[in-house]
Amino acid sequence: METQKTEYEADRFREIKTSLSVFFSNKGAVVGLVIVLVYVVDALLVQFFPQALGLKHPYTLVSNYVNPVPQPPSASYPFGTTFPGVDLFTSILKAVRVDLGYSLFVVLLGAFIGTVLGVISAFAGGIVDEFVMRITDIFFSIPYLVLALAIGFVLGRTLDNMALALAIVWWPIYARYARGQALSIKEMTFVEAARASGSGGGKIMFRHILPNVLPPIFVQISLDLGTVVLVFSVLAFIGFIPNANVPELGYLASLGLNYVATAPWTVLFPGAAITLFALAVNLVGDGLRDVLDPRRRS
Amino acid sequence: MRLWIYIARRLLILIPTLVGLTFIVFALTHAGGNNLILAEYINPRLSGPAREEAVAKLTAELHLNQPIYVQYFYWLAEVLKGNWGYTNTPIFSGSVTQAIALFMPNTLSISLFAALLIWVIGIPLGVFSAVNRDSVGDNAVRVTSFGLYSMPIYLIAVALILALGVYLKVLPFAGVVNPLLVSNVPWYHNGISYPTHILLIDAIIHGDWVVAGNAFLHMILPSLTLALGVLAGVIRILRASMLEVLDQDYIKLARAKGVPERAVYNLHARRNAILPTVTFFGYTVAGLLGGAVVVEEVFNYPGIGYWTTQALLNNDVGGILGSTLVFGLILIFTSLILDIVYAFLDPRIKY
Amino acid sequence: MLIAARNLTKFFELRGGLTGKGAVQAVSDVDVEVREGEIVGVVGESGSGKSTLGRLLLGLIAPTSGEVLFDIPEELLQKYDEARSANDKKTMEEIASKYSITRKSGRELRALRRRMNMMFQDPYSSLNPRWRVEDIIMEPMVSTGYLTGNEARKRVRELLEEVGLPREFAYRYPHELSGGQRQRVALARSISTLPSFLVLDEPTSALDVSAQAQILQLLKRIRERFRIGLLLITHNIAVVSYMSDRIYVMYAGKVVEGGPKTSIISKPQHPYTVALISAVPGNSRGPRVILRGEPPNLVDPPKGCHFHPRCPMVMDNCGWTAKEVAEELEFLLRGRYYGMLKEGSKVVPQGELEILVEGAKAEEVRKVIEEEKEEVKSLRSIYEVREGNGGALVKLMRYDIPGMYRTDEGREVSCLIYRKT
């Protein structure tokens, strides 16, 4: 029996290997993955070993009011400085942690709320379904940026609230997506078989339907992360967090806006950092979609 | 007949959506308590008994001591009567409806201009990319749109400003017009042009071609930024739906029958790609409105989006409430119209 | 009696529109019985309501009306039937409230799940692709509290052996199994709590022939070993005749005939059964009967006997209504007898049993009916044609609704031909 089990596990291993080879045959996805890993490593280092990067104040921006005007890139400031005398290179290193962490929080919270509501909505049907779907309609009827502004306005303009506001506008996408998935899975015979076997509604919902809804949701999460990172930095850029002194890429870009004609690096470097990350995440998401979609496996 | 029932149903669904939208907007702006609202209406210099009196008067007038759902109905009645409250920002102080009348035209003009650019650039590129699948051109389009898709819109704006405004010096990148040109124009006061509030049109009406030309130049960069921000998504959607249509059996059959390629695209494929195109139009509207917030902020272009950010930065309840409502109403009615158009176009739709 | 359905009826409401669009009468007024350890076949074409019947018996869907009496002592069932013929609602209610699974809910129903289960047609969608075989087979045991933890796991290994699969399959996922193996897993799941009643919904029709035979043999063995009463739903006469002890034949939501297998196969009585059995390839008994037309739309099924519009042996009182007769009459009057119907005149049904042929003479219409009666069977239901209302007024006789008539030993037929007068 034990030998059989290991043999079986060899089968599983082969299965995983095909998935991996599909993913790794996509060059873009591999490049994306490497870049994402660099960002993740940076974020983790800032969080846990800031001294390894030589950062004395890993969680705040260090201003220099003696020389606040942006300086061009040089040996001591590889990316130059931005107003008020903030070194861009170390600030970007610090900011990656903030952007990555908050974006992950937004997507995961949004996906969690949306998936649970979507699955319940599909499973319960009737009035519950109608109600949840009407609410998502309303959320979709306001541009998410504007709605996030309005919610953030109410919650108070801080970094935490900005993330919360984004999560609140982000869940309806997942609710619709999960509902669609759950509706098709609900029609599968194994759900009826579970009912015939005496399983109750909760068990069917969370043990049968949910596990089948999750994989496409994960791909959606990976695709969304890139968008959320962008939206997050855009919100910060237009002034959502006032005088925060927080290393955040959008905020960092907005600091140099008044000097952009003479010191373009103040916007371009933080902007490039965010673009590179969004690009990498989107590439990985595309690769993951290939793995999941059997039609693309060819 | 079925179609009319569908449209009637669609209109019925509009009611809960509108109620929901207004309620969410109302609840949002009132969830913070009454202080924000009072601050909006009461002169901050008032103090002591005078202030208390003003607070009491306003509380009665706005029914602020009632439960929130009662307040909502009072508020809704006022909104339906056209009283949307007051806004107080550095760029405009006055009634919300006035602010909308003032800012909306600017947002509409750059959005329409951007939409035009999207159609002119996006549709040919999307179709080209699908038809010449996996060619060098297709790959170039895909890589470019992928890159654009991953750029925050402010970076696109700054890149354009640097390239076209700062280095090549061909395009202006702040405000709606060179202020020196309009300093002595009778139909322009305090940054507001009359009668339509769209500077370009007003200048043409008054025959002032220099101002009109300058106003047009000022529209180009914001519109282009907006268009590029939405373009990537449009090309992706269009390419995918066109590919799907081209993969259908009837297209393969047409090809197998020896129908010329050009006829395959024009007669068989394009017509069926129209439906997704309608959907992507909705996507465009939503993208443009969201993007306008950032673009107007970067270019200091006085539209609804600029007003929204100003309202946010200045704790202006009326501005937030008004702009959210306007954006919501535009999108709701756009999607209503699109759904109806869709129902007319698609014979398969069944409800 | 293991399970007995009485007057079981299921209408599926159609949604849509403001007024609703009626209901699909999937199962109407059906009586069936399954005894302990017996294999009962239910045959019928797709859409005849046999799958719905299976789900009703298990309480997976709630009936519109009727009872499913589970595990009811013979004498009480007899008492129930007597009360039913005497229309004694009180006694019926008394018995039903105790034995009918339609009255049970929540905990009670879940307790019953241990004693009954179902096996489905599609071996690909009936197993959750994200679960391992072990968890799949364990599900009924865990859900009903029959066995849990390691005991259940041990039992899974025994069950796998029982259905002829290696124990190691417990660790596999469904996509790693073939169709036949999956059906074995599905069977192991459905018998894991040692139920006394099992519904098999087309258990072999998605499999290739060799796998079919293996599964059928396995089912027979399982029945023998555990004395499980099986209800086998299929459209395949060969499967039914190989497997069952008794057979019910369904048509358009009704049971048209029931009885012991050998007697039904060798001597079918209901015209539909005759046609069905004559259509089995290689059947040499009697000529092949080919049915005209399509199975009816169950939103608005035919009156009287549901089979009458297609029945080769149809009689005058089988359920003809004005609508059907008017249609055929108009067809004749506009075709072979062209000219009898004036320009702009119509053949209008008036209520259920009267037809007005506008502007026609009674004499002429009567002649047409006499001439065509042999060919067009629906015209036989006409008993009078007279002048009136500006045309010929055609009157139909009242139709009868067939009951279940006992014929031979254990045989029941729902056809007026077998009504004892």
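In what follows, every heavy atom counts, from backbone to side chain, and hydrogens, waters and symmetry copies are set aside. No experiment lies behind these values; they were computed from the predicted model shown. Labels below follow one simple rule: chain letters A, B, ... track the order of the sequence lines, proteins then strands, and each chain is numbered from 1.
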Sidechain-backbone polar pair: [X] side chain, [Y] backbone, donor-acceptor under 3.5 Å:
X: A:Arg157; Y: A:Phe240; value: yes
X: A:Asn161; Y: A:Leu164; value: no
X: B:Tyr306; Y: B:Val295; value: no

State which residue, out of A:Val281, A:Asp224, A:Leu225, A:Thr227, fulfils the side chain to side chain contact (heavy atoms under 4.5 Å, CB included) condition with A:Ser103.
A:Leu225

Please say which of A:Leu249, A:Val86, A:Leu255, A:Thr82 ends up in a side chain to side chain contact (heavy atoms under 4.5 Å, CB included) with A:Ser91.
A:Val86

Chain A contact via [X] - which portion, at a heavy-atom distance below 4.5 Å:
X: B:Ile24; value: side chain
X: B:Leu21; value: both
X: B:Ser335; value: neither
X: B:Tyr149; value: both

Measure up the A:Phe89 and A:Phe79 rings against each other and bin them: parallel (under 30°), tilted (30 to 60°), perpendicular (over 60°).
perpendicular

Looking at A:Phe232 versus A:Tyr102, is the centre-to-centre ring distance below 6.0 Å?
yes

Would a line drawn from the ring center of A:Tyr251 to the ring center of A:Phe237 be shorter than 6.0 Å?
no

Within residues 158-166 of chain B, the residues sitting under 4.5 Å from chain A by heavy atom, in sequence order, are B:Val158, B:Leu162, B:Val166

Residue part contacting chain B, namely of [X], when any heavy atom lies under 4.5 Å:
X: A:Phe139; answer: side chain
X: A:Ala272; answer: backbone
X: A:Leu257; answer: side chain
X: A:Ala150; answer: both

Qualifying side chain to side chain donor-acceptor pair (under 3.5 Å) pairs, either residue in residues 265-285 of chain A, two or more places apart
A:Asn282-B:Ser150

I'd like to know which of [options] tops the heavy-atom pair count under 4.5 Å against chain B.
options: A:Leu268, A:Leu283, A:Ile138, A:Leu276; answer: A:Ile138
options: A:Leu235, A:Val267, A:Val229; answer: A:Val267
options: A:Ile135, A:Leu149, A:Leu147, A:Asp137; answer: A:Leu149

Are a donor atom and an acceptor atom from the side chains of B:Asp316 and B:Thr89 found within less than 3.5 Å of each other?
no

Only pairs of heavy atoms separated by less than 4.5 Å count here; which of B:Ile153, B:Thr324, B:Leu329, B:Val298 has the most with chain A?
B:Thr324

More than 12 foreign heavy atoms under 6.0 Å from CZ of A:Arg134: is that the case here?
yes

Please check if atom CD1 in A:Ile127 has more than 12 non-hydrogen atoms from other residues, nucleotides or ligands closer than 6.0 Å.
no

